[in-house]
Structures are given as C-alpha cells and as structure tokens.
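Report on one structure; see the data block that follows.
Letters A, B, ... are given to chains in the order of the sequence lines, protein chains preceding strands, and every chain is numbered from 1.
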Number of protein chains: 2
Amino acid sequence: MSRADLPLQSCSIARAVAQVGDEWTILILREMFLGTRRFDDFLRQTRMSSHLLAGRLKKLETLGAIRREAYSEHPPRSEYRLTTMGRDLWPVIIALKQWGDCWLGDGDAPVQIVHKGCGRLTKPQITCPDCGQVMGARDAKAELTESYERERQAAWRHT
Amino acid sequence: MSRADLPLQSCSIARAVAQVGDEWTILILREMFLGTRRFDDFLRQTRMSSHLLAGRLKKLETLGAIRREAYSEHPPRSEYRLTTMGRDLWPVIIALKQWGDCWLGDGDAPVQIVHKGCGRLTKPQITCPDCGQVMGARDAKAELTESYERERQAAWRHT
DNA sequence: CATAGTAACTTTAAAAATAGAAGTTAGTAA
DNA sequence: TTACTAACTTCTATTTTTAAAGTTACTATG
C-alpha cells in the first residue's frame with residue numbers, strides 16, 4: 001500500500017498520519033505554536049526547502065488546519081494561522097516534545113510550557129477525565145469496534 | 001537542510017520527529033499498542049512494504065524504543081516489543097488518534113480506550129499537573145531558553 | 001532612475017526514498 | 001515431493017525530496 005491510500009483507511013490514526021504524520025508538517029506545526037506566521041520565517045526556522053514548505057502549507061490549508069490571511073494587498077503578502085482544527089493538534093506536538101525532552105534531550109529542554117491559568121511552568125500530562133488519574137500506556141486497554149475487529153482479522157486470512 | 005540533519009537540532013521536537021515522525025513508524029507504533037509483535041502481522045495490518053518495515057524496525061531497535069526477542073531458535077523467529085522508551089510514545093499515538101477521531105472520523109471511532117484503573121471508556125485529556133486543569137493550545141505559553149532564543153534569532157539574520 | 005533588497009513563491013535537475021514484486025533461508029505439514 | 005510459513009533481502013521502476021536558481025511584485029537607497 002502506498003501512503004496515498006492512508007486517508008482511506010478506517011483507522012483514525014492512519015488518517016491523521018496521512019495528513020500530519022510527516023517530518024516537515026510537524027515542524028511547521030511546531031513553528032505555528034511558537035507564533036511563526038510567514039513563509040520566509042518558516043523557511044528560516046525549519047530550514048526546509050521552499051518547494052516542500054509551499055506544498056505542505058497548501059495541504060494544511062486544504063485540510064482546514066491553517067488558513068491564509070492577506071496582511072497586505074500591494075504587494076500581495078499573506079500570513080498563515082492555525083484554525084481550531086490546527087490548534088487541536090497541540091497535544092500531538094506537546095507529546096512529541098515531552099518524549100524528545102525525556103529520551104533524546106541533552107540537559108535543559110529548549111522550550112518550556114507555562115500554564116496561563118496558574119502561571120506556572122508545567123509538564124502537561126495525560127489524565128483520565130472520569131477519575132482524574134494520570135494515564136500511561138499500561139493503564140489503557142484498546143477496545144475495537146466489531147467492524148474494525150473484523151477488518152483486521154480479514155487482513156490476517158487471505159493474502 | 002535534509003531530514004538527515006534533524007537529529008542534530010537543538011529542538012527536542014525536531015529530534016523526536018527525526019526518530020518517529022514518519023508515516024510508517026507511527027503505524028508500527030499503533031500496532032505495537034494494539035499488541036502486534038510479529039513481522040508478518042505488522043505487514044498485514046499496516047500493508048507497508050516489507051523492505052520499509054524491516055528498516056523501520058531496525059531503526060526503532062537501534063534507538064531503543066523496541067527490542068527483538070527470539071521466541072524460537074529452530075527455525076529462528078523473533079518478536080518485537082516496546083521498551084519503556086517506546087511505551088512512552090503512547091501519548092503521541094493517543095493524541096493523533098483523538099485528533100483523527102474528532103476531525104477526520106466518520107461516525108464511531110474504531111478504537112476506544114478503557115482506563116484499567118477505573119474500568120471506564122475514556123478520552124484521555126491533557127492536564128496541568130500543578131492545578132489539575134485541562135489544557136489546550138490557548139492555555140499554554142512557550143518559554144524559550146536564552147540559548148535557544150539566540151539560535152532562532154541567528155537564523156533570522158544572515159542567510 | 002538604476003540598483004539592491006524583501007516576501008512569497010515556482011521551476012528544474014539530481015539525489016534519495018518508496019512500492020511492489022520476486023527471491024532467500026530455515027524450517028513444518030500433508 | 002510439494003506446499004506453506006515466518007522473517008527477511010534484493011531488485012527495479014516510480015515518486016518524493018533537496019538544493020539551487022528563477023519569478024513576481026513591490027519598497028528603499030543613492
């Protein structure tokens with residue numbers, strides 16, 4: 001299967017990955033959350049090629065995760081901003097950051113998060129909304145819908 | 001800059017992305033969290049090419065996120081299992097899943113999460129460990145270390 | 001007014017990664 | 001003996017990415 005078919009899968013992770021699961025898109029999102037809005041600033045901060053940046057921005061815009069807004073007509077200039085859909089990717093970026101800080105870091109994390117609500121430096125964590133406890137991989141069990149279960153077993157059978 | 005240079009960046013997100021920020025690695029991790037352990041099962045469930053799967057598993061093993069364990073000597077057969085480092089990527093997968101379910105889903109999520117602690121279906125959320133409140137992008141402010149700030153401003157100047 | 005500079009891209013060509021198929025190794029099962 | 005499985009590796013065609021140069025539409029400087 002090629003990556004082009006990922007959006008068609010019934011797994012929502014596969015679909016998410018098809019849209020934002022590549023190196024450069026994630027770096028663009030990082031920049032967005034750091035406040036970068038302009039083409040050349042994305043270029044400078046990520047050092048990706050302009051060709052790719054243009055393509056990725058277009059893809060994110062088509063998807064609806066960012067929107068382009070003109071800040072000058074003459075000459076034509078525009079900014080890119082996150083939509084609600086795009087802002088909802090924050091947990092993904094934060095999760096990557098924390099993992100990177102923890103397992104690949106060399107000393108201090110270059111970026112720290114301040115919780116505006118309480119004003120403190122914080123390391124956001126995943127919790128269960130029902131009982132409030134912190135959650136990790138071992139506290140969770142995946143439950144598949146019947147149809148998804150069938151789909152996965154079908155893959156097992158005939159190849 | 002090419003993707004090969006990502007691991008050298010001082011940003012921990014860039015470093016994380018260099019290791020696990022590609023389509024197929026994320027799908028492999030999804031399978032790991034669903035309990036898949038064997039080469040051919042990864043192949044069947046992700047439908048990636050065996051060439052790529054072999055490469056990605058090797059990379060994850062070298063990194064230390066998974067380990068290979070023989071479950072038979074004759075014939076030689078092995079399983080892949082998450083290490084603690086690998087299990088710590090759970091929040092990344094969960095964040096992608098929730099975003100996918102919310103923004104790209106068509107009806108029911110194919111996978112649901114049960115919190116073993118309280119036994120309930122749950123949608124894990126990000127909270128501030130200090131005050132306990134749920135957090136989103138708008139509740140957070142990024143604070144850069146001085147050296148990282150300087151590094152970013154240097155990119156701005158001379159090109 | 002000519003030259004330099006900036007922002008936001010697009011085009012091109014060469015290099016690298018991927019996809020799909022076929023092949024390999026070391027067995028077990030009919 | 002033939003078929004089949006698990007876990008890969010090799011091969012080639014196609015696609016994607018990289019890096020560099022070019023384009024468009026201006027503004028600023030001497």
Could you state whether A:Met1 and B:Leu53 fall into the same hydrophobic cluster, counting links through intermediate Ile, Leu, Val, Met, Phe, Trp or Tyr residues with side-chain heavy atoms under 4.5 angstrom apart?
-> yes
First of A:Asp5 and A:Asp41 reached from the 5' end of DNA chain C, by closest nucleotide |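 Nearer the 5' end of the strand: A:Asp41.
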Remember a base hit wins even if backbone is also touched, and classify [X] as base, sugar-phosphate or nothing at under 4.0 Å, heavy atoms.
X	value
A:Arg47	nothing
B:Ser78	sugar-phosphate
B:Arg68	sugar-phosphate
A:Met1	sugar-phosphate
B:Tyr80	sugar-phosphate
A:Ser2	sugar-phosphate
B:Tyr71	sugar-phosphate

In whole angstrom, give the distance that lies between atom [atom1] of [X] and atom [atom2] of [N].
X	N	atom1	atom2	result
B:Met48	C:dA17	CE	P	15 Å
B:Leu57	D:dC8	CG	P	8 Å
A:Arg3	C:dA16	CZ	C1'	12 Å
A:Phe42	C:dA8	CZ	P	10 Å
A:Glu23	C:dA17	CD	P	11 Å
A:Arg37	C:dA7	CZ	P	17 Å
A:Lys59	D:dT16	NZ	P	10 Å
B:Leu43	D:dC8	CG	C1'	9 Å

Does [X] put a side-chain nitrogen or oxygen below 4.0 Å from OP1 or OP2 of [N]?
X	N	answer
B:Trp24	C:dA17	no
A:His51	C:dT10	no
B:Arg77	C:dT28	no
B:Arg56	C:dT18	yes
B:Lys58	D:dT9	yes

Taking A:Arg15 for the side chain and A:Gln9 for the main chain, is one N or O donor matched with an acceptor at less than 3.5 Å?
->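 Side chain of A:Arg15 to backbone of A:Gln9, a donor-acceptor pair under 3.5 Å: yes, one is there.
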Hey, is the side chain of B:Ser50 pairing donor to acceptor with the base of D:dT9 inside 3.5 Å?
->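 Yes, the side chain and the base share a sub-3.5 Å donor-acceptor pair.
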Which nucleotide wins on minimum distance to the side chain of [X], given the candidates [options]?
X	options	value
A:Phe39	C:dA8, C:dG20, D:dT18	C:dA8
A:Leu52	C:dA19, C:dA8, D:dT17	D:dT17
B:Pro76	C:dA26, C:dT10, D:dT17	C:dA26
A:Arg44	D:dA7, C:dA7, C:dT18	C:dA7

Kindly indicate, with the supporting measurements, whether the criterion salt bridge (Lys or Arg N to Asp or Glu O under 4.0 Å) is fulfilled by A:Arg152 and B:Glu31.
-> CA-CA 11 Å; A:Arg152 292 178 59 89; B:Glu31 285 307 310; 2.7 Å; yes
Side chains of [X] and [Y]: do they bring a donor and an acceptor to under 3.5 Å?
X	Y	answer
A:Glu151	A:Ser10	yes
B:Ser78	B:Arg68	yes
A:Ser12	B:Asp101	yes

Find which nucleotide of DNA chain D each of A:Ser49 and A:His74 is nearest to by heavy atoms, and output the residue with the more 5' nucleotide.
-> A:Ser49
Salt bridge check: are B:Arg3 and B:Asp22 linked by an N-O gap of less than 4.0 Å?
-> no
